[in-house]
There are 2 protein chains.
Amino acid sequence: MQAQAYALKSTAIRAPAIRNGVEDRDDVTLIGVAKTYHRECEIFGEGDAADFVYKVISGAVRSFRLLSDGRRQITHFYLPGDVFGVEFGKERRAGAEALSDAVVVVSRRSAVAADFDQSMRLWRQAVRELQRSEDHALTLGRRSATERIVSFLLDLADRLDADDEFELPMTRQDIADYLGLTIETVSRTMTQLQADRLIQLQGCRRVRFPRRGALEELCE
Amino acid sequence: MQAQAYALKSTAIRAPAIRNGVEDRDDVTLIGVAKTYHRECEIFGEGDAADFVYKVISGAVRSFRLLSDGRRQITHFYLPGDVFGVEFGKERRAGAEALSDAVVVVSRRSAVAADFDQSMRLWRQAVRELQRSEDHALTLGRRSATERIVSFLLDLADRLDADDEFELPMTRQDIADYLGLTIETVSRTMTQLQADRLIQLQGCRRVRFPRRGALEELCE
DNA sequence: CGGTCATTTGAACTGTATCAAAGTCGGTGG
DNA sequence: CCACCGACTTTGATACAGTTCAAATGACCG
């Protein structure tokens, strides 16, 4: 399907709290090994043993689930500062792959569990992540294509701490599989938003919000 | 919108573990007050303080979120034995209402927190519930109307410990708002499933699976 | 029985998918 | 340095699943 890639480089690292989001004094500092995963490289697969937890340093990661006929639903995107791979059971409920070349700190689950304070924070992060999928379900169940795209872009800008301009870390296909749309609908919708002067595109990855207020109105 | 109703009756009670699901030695015994909520009655609203946790004794409950124009997404249905209203933050992220007259045990959050073992179990239940919304997102993002209905019915039968016949505790509109469809599509799809001899309906609430295997194939 | 509310059915419409082709961009090798 | 390649994206034309609007039917309850 797509070019196969594999992990590179491994150095010991202490990954500090990065994101400066609103209430993130809840940030997790993972101690572990930094690994570089190349674009499209699998980090773990659905059903694997969940022995490690991860934190994105740079690049981005997607997690996803598949139906047996190949339809894919991307469940989350992870951006720099995000923790992922925290499972409550023993097995992975979703697979994870690097979107672009990504540097990730990998930490043994058992090692984290030893530190009560740390594992509390990790739990809270994981819960917050799960709560995002409730929001996601609302979007998938009840919003139009335009509303999905707009709320997605606004959310992404927010998580990237971007004010009104940022780089999309994923392809149109990834966006489509996250929003329950097709790649063509994503493309057309973004073209239309640009025609309506609600967003500006420079190349297909760089997005600017010339009038954020108007965008926000579109999906409240 | 709909007939207003209100809570009735309050007696002290000890709500024992009910569901005999596969791995539910994880069941929670809430000690609190039994309340009866009438059909369509609000149990709590989005944004309320989350001071109580609940367990369904009989009847059923829905939780939901609204868009500002009134579109509704039902996030979960709670059946006898289910715990609900466990929040990780201080505020309700969704509203909850009784589907039918429902008996519910209400317990102060602070009271439960005192019992470590108990609150652990409560947490795990809440996490499992949140994980369900990841499954839900897959369904909403990537399955057809027929697949949604079939997987919904199978899941419901399972949770009701029904073998091949059970009573739907909710209206077509509720099913529609859970599955991201319209009431007409739900109705037509069920009629079609019946015509295909994949389900049998007696009245609009009683469902039977004459060939469960065939149903399961429809949504793997 | 009659009234109310939920459900089903029908007909027409529409948003999004599908299928197909053309355009863009970045990288690579000549 | 430039031309070509492959992957991704955009655009176009058409199809269709699911929605919308409207009306008929059915179920429940006093």
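Lettering of chains follows the sequences in order, A, B, ..., and the numbering in each one begins at 1.
- Inspection of the B:Thr191 and B:Gln194 side chains reveals no N or O donor paired with an N or O acceptor under 3.5 Å.
- Residue B:Val28 forms a side-chain contact (heavy atoms from CB on, under 4.5 Å) with just one option from B:Asp82, B:Val83, B:Val105, and that option is B:Val83.
- For the residue pair A:Gln73 and A:Tyr178, no side-chain donor N or O sits within less than 3.5 Å of a side-chain acceptor on the partner.
- Rounded to an integer number of Å, the gap from B:Leu99 CG to C:dA6 P is 13 Å.
- Taking 4.0 Å as the cut-off between side-chain N and carboxylate O, B:Asp164 and B:Arg208 count as a salt-bridged pair.
- Between A:Ser187 and D:dT11 there is no side-chain N or O to OP1 or OP2 distance below 4.0 Å.
- Partner of B:Asp174 under the salt bridge (Lys or Arg N to Asp or Glu O under 4.0 Å) criterion, out of B:Arg62, B:Arg205, B:Arg39: B:Arg62 alone.
- Atom C1' of nucleotide C:dT7 and atom CZ of B:Arg206 are separated by 18 Å, given to the nearest angstrom.
- The CG atom of B:Leu201 sits 11 Å away from the C1' atom of C:dT7 (whole-angstrom rounding).
- Per the geometry, CD belonging to A:Glu167 stands 14 Å off P belonging to C:dC25, to the nearest Å.
- For A:Arg39 and D:dA7, the CZ to P distance is 10 Å, given to the nearest whole Å.
- Nearest heavy-atom pair, A:Arg93 versus B:Glu134, reported as atom, atom and distance to 0.1 Å: NH2-OE1, 3.5 Å.
- Going from atom CD1 of A:Ile183 over to atom P of D:dC8 covers 9 Å, rounded to whole Å.
- Put simply, CZ on A:Arg205 is 18 Å from P on C:dT24, counting in whole angstrom units.
- At whole-Å resolution of the value, CZ in A:Arg172 and C1' in C:dG23 are 14 Å apart.
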>> Using a 4.0 Å heavy-atom cut-off to protein, can you give one letter per nucleotide of nucleotides 14-20 of chain C, 5' to 3': B if the base is in contact, S if only the sugar-phosphate is, - if neither?
In response: --SSBB-
